[in-house]
There are 2 protein chains.
Amino acid sequence: MTDSSARGPVRSRGDLFSPACPTRKLLDRIGTKWISMAVKVLAEEAGELRFSQMQRQMAGISQKMLSVTLQGMVRDGLVSRRVEPVVPPRVFYRLTPLGLSLEEPLAALREWAEAHMPEIDDANQRYTQEETPA
Amino acid sequence: MTDSSARGPVRSRGDLFSPACPTRKLLDRIGTKWISMAVKVLAEEAGELRFSQMQRQMAGISQKMLSVTLQGMVRDGLVSRRVEPVVPPRVFYRLTPLGLSLEEPLAALREWAEAHMPEIDDANQRYTQEETPA
DNA sequence: CAGTATCCCAACGGATACTG
DNA sequence: CAGTATCCGTTGGGATACTG
């Protein structure tokens with residue numbers, strides 16, 4: 001349920017630190033691993049992908065999570081959904097321009113994560129080491 | 001996760017799509033709004049901040065969440081923690097070089113969110129509109 | 001095939017109270 | 001001041017079963 005007074009006077013741009021700032025909630029929506037993977041998969045395809053294709057490529061995602069993730073992305077205008085009304089049905093997903101524009105910052109974050117994974121591992125190692133002296 | 005040893009170093013790099021890929025979990029850790037805000041606050045300060053100062057600047061964060069967020073960041077080597085052993089104690093947090101390097105991709109994501117907030121609002125509006133024709 | 005529905009457990013996260 | 005501990009409601013997310 002979105003704010004009833006949507007588009008209301010909130011829109012306090014430039015102030016991410018206000019609890020009322022909607023950007024804050026948005027950050028938590030788009031930063032998840034499932035969104036990140038979905039955008040990546042669809043961006044690499046540069047075209048449409050079917051539900052089952054996506055599930056196959058996003059190894060480990062459950063049917064439920066792929067479903068709710070895609071629904072949310074459609075809602076937010078990140079992907080478009082096209083149904084071929086045959087039996088059995090074929091449903092195709094494609095990034096919108098908006099969704100495509102999200103790939104760049106997400107890719108940066110993904111790359112950071114991959115690049116600095118070893119350092120973070122090491123930091124964790126060191127941390128648990130000294131906190132468990134004997 | 002049956003793995004009892006704190007954060008199993010599977011280290012299957014290069015394949016974000018493998019369920020075993022640790023980068024996946026990392027993405028969900030660093031992409032949260034609290035991490036994002038903490039990094040931003042500390043990066044803007046370009047120095048140290050005390051616990052209470054951070055809580056004041058990160059409006060709306062609870063004591064608990066700031067605590068667990070900072071603990072996680074210290075464990076991951078993103079921030080360093082310095083205690084002045086006086087009474088009452090003073091604790092200072094500062095970004096490590098690693099943490100500072102995270103600011104760039106996170107800032108990109110934040111900026112994307114702010115920039116495209118209106119479009120996402122509109123998409124949601126349109127969505128709920130057509131799904132609730134009246 | 002592409003979902004939806006249900007159950008159920010685990011993690012998130014606020015509120016409050018207590019402590020070195 | 002800077003936490004920790006506890007309680008507890010909300011959400012995330014897997015497993016399974018069912019349907020158009």
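Quick note on labels: first sequence line is chain A, next is B, and so on, each numbered from 1.
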Report task. Locate the shortest heavy-atom distance separating A:Met58 from A:Trp34; write the atom from each residue and the value. Result -> CE-O, 3.7 Å

Query raised in the report: When hydrophobic residues are tied together by side-chain contacts of less than 4.5 Å, even through go-betweens, does B:Val91 share a cluster with B:Val86?
Result: no

Query - Value in whole Å for how far the C1' atom of C:dG14 lies from CH2 of B:Trp34 - result: 10 Å

Requested in this report: Would you confirm whether A:Thr96, through its side chain, and A:Gly77, through its main-chain N or O, come within 3.5 Å as a donor-acceptor pair?
Outcome: yes

Report summary line: The nucleotide from D:dG3, D:dG13, C:dG14 with an atom nearest the side chain of B:Phe51 is D:dG3

Report task. Scan A:Phe92 against the nucleic acid and name what it touches under 4.0 Å (heavy atoms): base, sugar-phosphate only, or nothing. Result -> nothing

**Report entry** B:Gln71 side-chain N/O to D:dT4 phosphate OP1/OP2 under 4.0 Å
**Finding:** yes

Report summary line: When rounded to whole Å, the CG to P distance for the pair B:Asp28 and C:dA10 reads 19 Å

Query raised in the report: Is A:Gln55 touching bases, backbone alone, or none of the nucleic acid, heavy atoms closer than 4.0 Å?
Result: nothing

Requested in this report: Give a yes/no answer on whether the side chain of B:Ser52 brings an N or O atom under 4.0 Å of OP1 or OP2 in D:dC1.
Outcome: no

Query raised in the report: Excluding sequence neighbours, so at least two apart, what forms side chain to side chain contact (heavy atoms under 4.5 Å, CB included) with A:Glu119?
Result: A:His116, B:Leu98

**Report entry** Rounded distance (Å) that lies between atom P of D:dG3 and atom CZ of B:Arg90
**Finding:** 13 Å

**Report entry** Whole-Å gap separating P (D:dA15) and CG (A:Leu66)
**Finding:** 15 Å

Query raised in the report: Any side-chain heavy-atom pair from A:Leu27 and B:Arg110 closer than 4.5 angstrom?
Result: yes

Requested in this report: Using a heavy-atom cut-off of under 4.0 Å over every strand shown, decide if A:Glu84 touches base, sugar-phosphate, or nothing.
Outcome: nothing

Report task. Specify the separation, in whole Å, of atom CE of A:Met65 and atom P of C:dG3. Result -> 15 Å

**Report entry** Separation of atom NZ in B:Lys25 from atom P in D:dG12, rounded to whole Å
**Finding:** 17 Å

Query raised in the report: Which string of ( ) [ ] | and . matches DNA chain C, if you list each base 5' to 3' and count Watson-Crick or G-U pairs only when both distances are under 3.5 Å?
Result: ||||||||||||||||||||

**Report entry** C:dA2 phosphate, OP1 or OP2, under 4.0 Å from A:Arg82 side-chain N/O
**Finding:** no

Query raised in the report: How long is the line joining CZ of B:Arg50 and P of D:dG3, in whole Å?
Result: 10 Å

Query raised in the report: Does some side-chain heavy atom of A:Leu109 sit less than 4.5 Å from a side-chain heavy atom of B:Leu102?
Result: yes

Identify each atom pair where a protein N or O and an N or O of nucleotides 15-20 of chain C are less than 3.5 Å apart, giving names and distance.
none

Report task. Without swapping roles, check the side chain of B:Asp76 against the backbone of A:Ile120 for a donor-acceptor pair under 3.5 Å. Result -> no

Query raised in the report: CD of A:Glu104: more than 12 outside heavy atoms within 6.0 angstrom?
Result: no

Query raised in the report: Would a 4.5 Å heavy-atom cut-off, applied to side chains only, mark B:Leu42 and B:Arg94 as touching?
Result: no

Query raised in the report: Just to confirm, is there a sub-4.0 Å distance from OP1 or OP2 of D:dT4 to any side-chain nitrogen or oxygen of B:Ser67?
Result: yes

**Report entry** Between C1' of D:dC1 and CG of B:Leu49, the distance in whole Å
**Finding:** 15 Å

Requested in this report: Would you confirm whether B:Ser67, through its side chain, and B:Gln63, through its main-chain N or O, come within 3.5 Å as a donor-acceptor pair?
Outcome: no

